[in-house]
Student: 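This is the structure I want to talk about, given as structure tokens.
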Amino acid sequence: MKIWILAITSALFLTSCEDVIDLETETGPAQLVVDGWITNQPGPQKIRLSLSSSYFDNGTPKPVLSAEVIVTDDKGSIYKFEDLSANGEYIWQKTGTDTLGKIGRTYSLKITNGTEVYTASTKLNPVPTVDSVVYTKEKLPFKPDKGPQEGYIAEFYARDLVGVGNTYWIKPVIRGKATVDKATGISIAYDAAFGSGAPSDGLIFILPLRQSITTDSLYSAGASVGVELHSITNETFEYLKQIREQAQNGGLFATPIANIKSNVVNSDPKGKPALGFFAASAVSRKETIIDPEKARPDED
């Protein structure tokens, strides 16, 4: 009886001592945020510039206007990006099939914003060809909150390029558009596996990576699905890995959040540091329409 009294007393004590605490957080100076990703695909290339805001600010980031944005490659080509819409989105665009990104070249970014100059560099690595996108019928044991209970799991087949240390970003293509709608859904590969510890050089991508194009729910018959496989540098791989880890960081054992290191550097060591990243990739893409008659048999 004494044990029950002690337990009830403890519960009342714990539930009666809940206080709302408003944390006073300091807001540091706004920093340049760079979202720059160039590819070997035809069409416009975009580099977005904005200013950082405080942690609890849910508003739209303030764009950086009137900056000078130039990309050069190691063959001497110069590409000027212009903010034609005055919204912080700096665009390079050529007509026809001309492309900015070319496999094997190194690209340097220079941003002049007022009196400050920022630079970054990256390399555009080759990417393997996606062989196929297939799908298998699946019925879940319960009705999910999102999507159908019965549908299709899609996966792609591709083989890692020979040579240890190739890294990739795997993006689902849904209704014709490459879609990564949340940071926890970032799917990256080191050779044909998750990390450098696996002997996966030159192999077909492992099953969890192949099926990472099926995200929050099963696909329905008639759905347009596919994959974009992007080649990335090891530095970009680590950057994306840290973004995913930060997004998954939570719960009782969460670690303090921190800014992820950028490859964009202020030419003045005493100047304001930058956030974000500048990267380049070659792209391999394949799509299909889910046809129940062509679904692979369930191996189980």
Student: For Ile260, is there any backbone N or O sitting under 3.5 Å from a side-chain donor or acceptor partner on Gln242?
Tutor: no
Student: So for atom NZ, which belongs to Lys177, do other residues, nucleotides or ligands contribute more than 12 heavy atoms lying within a distance under 6.0 Å?
Tutor: no
Student: Checking the side chain of Ser200 only, and the main-chain atoms of Ala192 only, is there a donor and an acceptor separated by less than 3.5 Å?
Tutor: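 Yes, the answer is positive, given that a donor and an acceptor are paired below the 3.5 Å cut-off.
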Student: May I ask you to say whether Lys261 pairs ionically with Glu238, meaning some side-chain N is under 4.0 Å from a carboxylate O?
Tutor: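 So Lys261 does not pair with Glu238 through a salt bridge.
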Student: Would you call Glu155 and Arg210 a salt bridge, taking side-chain N to carboxylate O under 4.0 Å as the test?
Tutor: yes
Student: Examine Phe277 together with Tyr239 and report whether their ring centres are nearer than 6.0 Å.
Tutor: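 Centroid separation for Phe277 and Tyr239: below 6.0 Å.
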Student: If you measure from the Lys or Arg side-chain nitrogens to the Asp or Glu carboxylate oxygens, is any gap between Asp74 and Lys123 under 4.0 Å?
Tutor: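 Between Lys123 and Asp74 there is no salt bridge, as every charged N stays at least 4.0 Å from the carboxylate O atoms.
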Student: Is it true that Phe205 and Tyr168 have ring centroids separated by less than 6.0 Å?
Tutor: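 For Phe205 and Tyr168, the ring centres are under 6.0 Å apart.
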Student: Look only at the side chain of Asp83 and the backbone of Gly88, and say whether a donor-acceptor pair between them is shorter than 3.5 Å.
Tutor: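 Yes, Asp83 side chain to Gly88 backbone: donor-acceptor pair under 3.5 Å.
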Student: Are the side chain of Asp291 and the backbone of Glu293 linked by a donor-acceptor contact shorter than 3.5 Å?
Tutor: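 Here the side-chain-to-backbone pair exists.
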Student: Between the main-chain N or O of Asn125 and the side-chain N or O of Ser231, is there a donor-acceptor pair closer than 3.5 Å?
Tutor: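 It does hold such a pair.
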Student: Between Thr214 (side chain only) and Ile153 (backbone N and O only), is there a donor and an acceptor less than 3.5 Å apart?
Tutor: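 No.
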Student: Calculate, to the nearest 0.5 Å, the distance between atoms CG and OG1 belonging to Leu161 and Thr129 respectively.
Tutor: 8.5 Å
Student: Hey, is the main chain of Tyr107 close enough, under 3.5 Å, to the side chain of Asp73 for a donor-acceptor pair?
Tutor: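 Between the backbone of Tyr107 and the side chain of Asp73 there is no qualifying donor-acceptor contact (under 3.5 Å).
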Student: Using the six-membered ring wherever Trp is involved, compare the ring planes of Tyr79 and Trp92 and label them parallel, tilted or perpendicular (cut-offs 30° and 60°).
Tutor: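 If you compare the ring of Tyr79 with that of Trp92, the planes turn out perpendicular.
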Student: Is the number of heavy atoms from other residues, nucleotides or ligands within 6.0 Å of NZ (Lys139) greater than 12?
Tutor: no
Student: Say you draw a straight line from CG of Asn234 to OG of Ser196; how long is it, rounded to the nearest 0.5 Å?
Tutor: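 So the CG of Asn234 and the OG of Ser196 are separated by 9.0 Å.
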Student: If you round to the nearest 0.5 Å, how far is CZ of Arg105 from NZ of Lys75?
Tutor: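 Interatomic distance, Lys75 NZ to Arg105 CZ, rounded to 0.5 Å: 6.5 Å.
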Student: Tell me if a side-chain donor or acceptor on Glu116 pairs with a main-chain N or O of Lys272 at a distance below 3.5 Å.
Tutor: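 Checking the backbone N and O of Lys272 against the side chain of Glu116, a donor-acceptor pair under 3.5 Å is found.
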Student: Compute whether any side-chain donor of one residue and acceptor of the other, for Trp169 and Ser281, lie under 3.5 angstrom apart.
Tutor: no
Student: Would you check, one step at a time, whether the test salt bridge (Lys or Arg N to Asp or Glu O under 4.0 Å) holds for Lys182 with Asp216?
Tutor: CA-CA 11 Å; Lys182 55 185 177 181; Asp216 292 337; 3.2 Å; yes
Student: Within a reach of under 6.0 Å around CG of Asp145, are more than 12 heavy atoms found that belong to other residues, nucleotides or ligands?
Tutor: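 Open.
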